[in-house]
J.: 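Pasting in a structure now, in structure tokens, and then I'll have a few things to ask.
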Amino acid sequence: MGVKIAVLPGDGIGREIVREALKVMGVLNSAYGLNAEWEEAAIGGDGYDTSGDPYPEATRKLAHASDAVLLGAVGGPKWEPLDKPLRPEAGLLGIRAELGLFANYRPARVYDQLLGASTLKPEVVQGVDILVVRELVSGVYFGQPRGFEQVNGERRGFNTMGYCESEVERIARTAFAAARLRSNRVCSVDKANVLEVSELWRETVIRVKESEFPDVELTHMYVDNAAMQLIRNPKQFDVMVTGNLFGDILSDEASMLTGSIGMLPSASIGEKFAMYEPIHGSAPDIAGQDKANPLATILSVAMMLRYSLGKADLAAKVEAAVEAVLDDGVRTLDLAGGSRTVSCSGMGDAVSEKLRAMAG
Ligand code: IPM
Ligand code: MG
């Protein structure tokens with residue numbers, strides 16, 4: 001039986017990186033019998049340009065009818081003047097919320113081959129293997145009330161950061177379950193010394209651990225300290241679980257341990273749907289120049305194979321092909337070192353060739 005993937009390239013470098021990921025999928029079809037088919041639809045600025053909606057109805061329908069969604073990136077200066085609900089980011093937040101993708105897995109793994117590419121000392125980052133589990137459909141990103149008001153003759157902007165117990169329970173369960181498949185340690189990140197929402201977060205995480213995951217080690221860290229510890233001694237972390245905003249920030253920080261944000265894939269998973277996307281943005285400054293690093297998107301395909309398509313063996317093959325290409329010294333521009341600098345499509349070709357060769 002075939003599988004169907006909704007492919008949403010989006011804006012900026014989104015189209016280029018997704019093209020390379022599809023190249024890899026093509027090899028999985030032809031050389032590994034994957035039997036996947038895909039259909040493209042618009043999201044973000046592309047959605048606005050083609051149908052006046054950053055999350056068009058046709059895209060929603062396609063996503064609902066597919067086994068998984070693969071997304072490139074959204075956003076760009078062109079759409080910044082638009083009203084907030086029409087902006088590309090509203091499309092991304094819209095699809096996350098509409099598909100109920102509450103659990104965002106962002107693994108930050110340092111490849112030995114890229115040790116020199118990190119801005120941190122090799123001895124600090126060697127062996128780092130962190131999974132950031134970010135809550136994705138609540139918190140201050142979605143809290144009500146929000147907006148602008150007039151106070152004492154000046155404008156005031158405001159947002160609401162809130163979590164219900166049930167929202168914390170389900171993301172905590174996700175993190176504990178993920179930890180059981182790794183080193184069995186979870187660090188929950190909050191700001192419980194200041195925020196009520198964090199107090200509830202912490203109490204709820206502790207309750208879930210005690211009642212359902214007594215075997216998993218749980219620690220807590222304030223977000224400011226966590227940001228500092230990630231740079232000071234990142235190897236202390238296994239799974240980090242945190243809310244939407246803190247997770248957004250800490251996952252970008254964690255990505256730089258690996259040498260480039262261009263390396264980090266992600267999976268966003270809910271009860272019924274799942275979406276896979278690189279954690280980086282649309283990089284308008286290099287869009288259309290065939291310079292971007294497609295590895296985060298290719299590694300997102302690996303996550304899709306593992307979590308949505310039940311093909312852990314093929315996921316491992318894709319990951320091995322990426323490692324083999326890095327072993328060969330092949331690098332995109334964002335990755336320092338190496339012996340051969342290639343374009344975005346050059347990197348996609350290199351991974352595809354490896355994968356084909358590995359099939360024998
Ligand atoms: C991310 C991005 C998005 C976010 C933006 C583009 C809305 O930074 O996926 O981390 O803030 O979630
Ligand atoms: Mg971000």
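Read the numbers this way: they start at 1 and go in the same order the structure lists the ligands and their atoms.
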J.: In the protein, which heavy atom is nearest to atom 7 (C) of ligand 1, and how far is it?
T.: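 Ranking protein heavy atoms by distance from atom 7 (C) of ligand 1, first comes Glu89 CG, 3.9 Å.
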J.: Please walk me through it: do Lys191 and Asp224 pass side-chain contact (heavy atoms from CB on, under 4.5 Å)?
T.: CA-CA 8 Å; Lys191 189 71 186 174; Asp224 50 348; 3.2 Å; yes
J.: How close does the nearest protein non-hydrogen atom get to atom 4 (C) of ligand 1, and which residue and atom is it?
T.: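 Protein heavy atom with the smallest distance to atom 4 (C) of ligand 1: Tyr141 OH, 3.5 Å.
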J.: What residue and atom, counting heavy atoms only, is the protein's closest point to atom 9 (O) of ligand 1, and at what distance?
T.: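 Nearest neighbour among protein heavy atoms for atom 9 (O) of ligand 1, to 0.1 Å: Arg96 NH2, 2.7 Å.
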J.: Heavy-atom contacts under 4.0 Å between Arg134 and ligand 1: side chain, backbone, both, or neither?
T.: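 For Arg134, only side-chain atoms sit under 4.0 Å from ligand 1.
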J.: Find, among atoms of Asp248 that are N, O or S, the one nearest to the Mg ion (ligand 2), and state its name.
T.: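 In Asp248, the heteroatom (N, O or S) nearest the Mg ion (ligand 2) is OD1.
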J.: For the side-chain contact (heavy atoms from CB on, under 4.5 Å) test, which of Leu305, Val3, Val318 pairs with Lys311?
T.: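 When side-chain contact (heavy atoms from CB on, under 4.5 Å) is applied between Lys311 and each of Leu305, Val3, Val318, only Leu305 qualifies.
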J.: Among all protein heavy atoms, pick the one closest to atom 5 (C) of ligand 1 and tell me residue, atom and distance.
T.: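 Nearest neighbour among protein heavy atoms for atom 5 (C) of ligand 1, to 0.1 Å: Leu92 CD2, 4.3 Å.
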J.: Between Phe158 and Phe148, does the ring centroid distance fall short of 6.0 Å?
T.: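 No, too far apart.
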J.: Got a salt bridge between Glu353 and Arg356, using NZ or NE/NH1/NH2 to carboxylate O under 4.0 Å?
T.: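 Here Glu353 does not pair with Arg356 in a salt bridge, since their nearest N and O are not under 4.0 Å apart.
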J.: Hydrogens and angles aside, do Asn104 and Arg106 bring a side-chain donor and acceptor to less than 3.5 Å of each other?
T.: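 Distance-only check passes for Asn104 and Arg106.
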J.: Which residue holds the protein heavy atom closest to atom 2 (C) of ligand 1, what is that atom called, and what is the gap in Å?
T.: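 For this ligand atom, the closest protein heavy atom is Asp248 OD1, 4.0 Å.
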J.: Would you say Ser51 and Asp53 are linked by a side-chain donor-acceptor pair, where the criterion is simply a distance under 3.5 Å?
T.: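 The criterion, which ignores hydrogens and geometry beyond distance, is not satisfied for Ser51 and Asp53.
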J.: Return yes or no for this condition: an N or O of Arg106 is under 3.5 Å from an N or O of ligand 1.
T.: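 So ligand 1 has an N or O lying under 3.5 Å from an N or O of Arg106.
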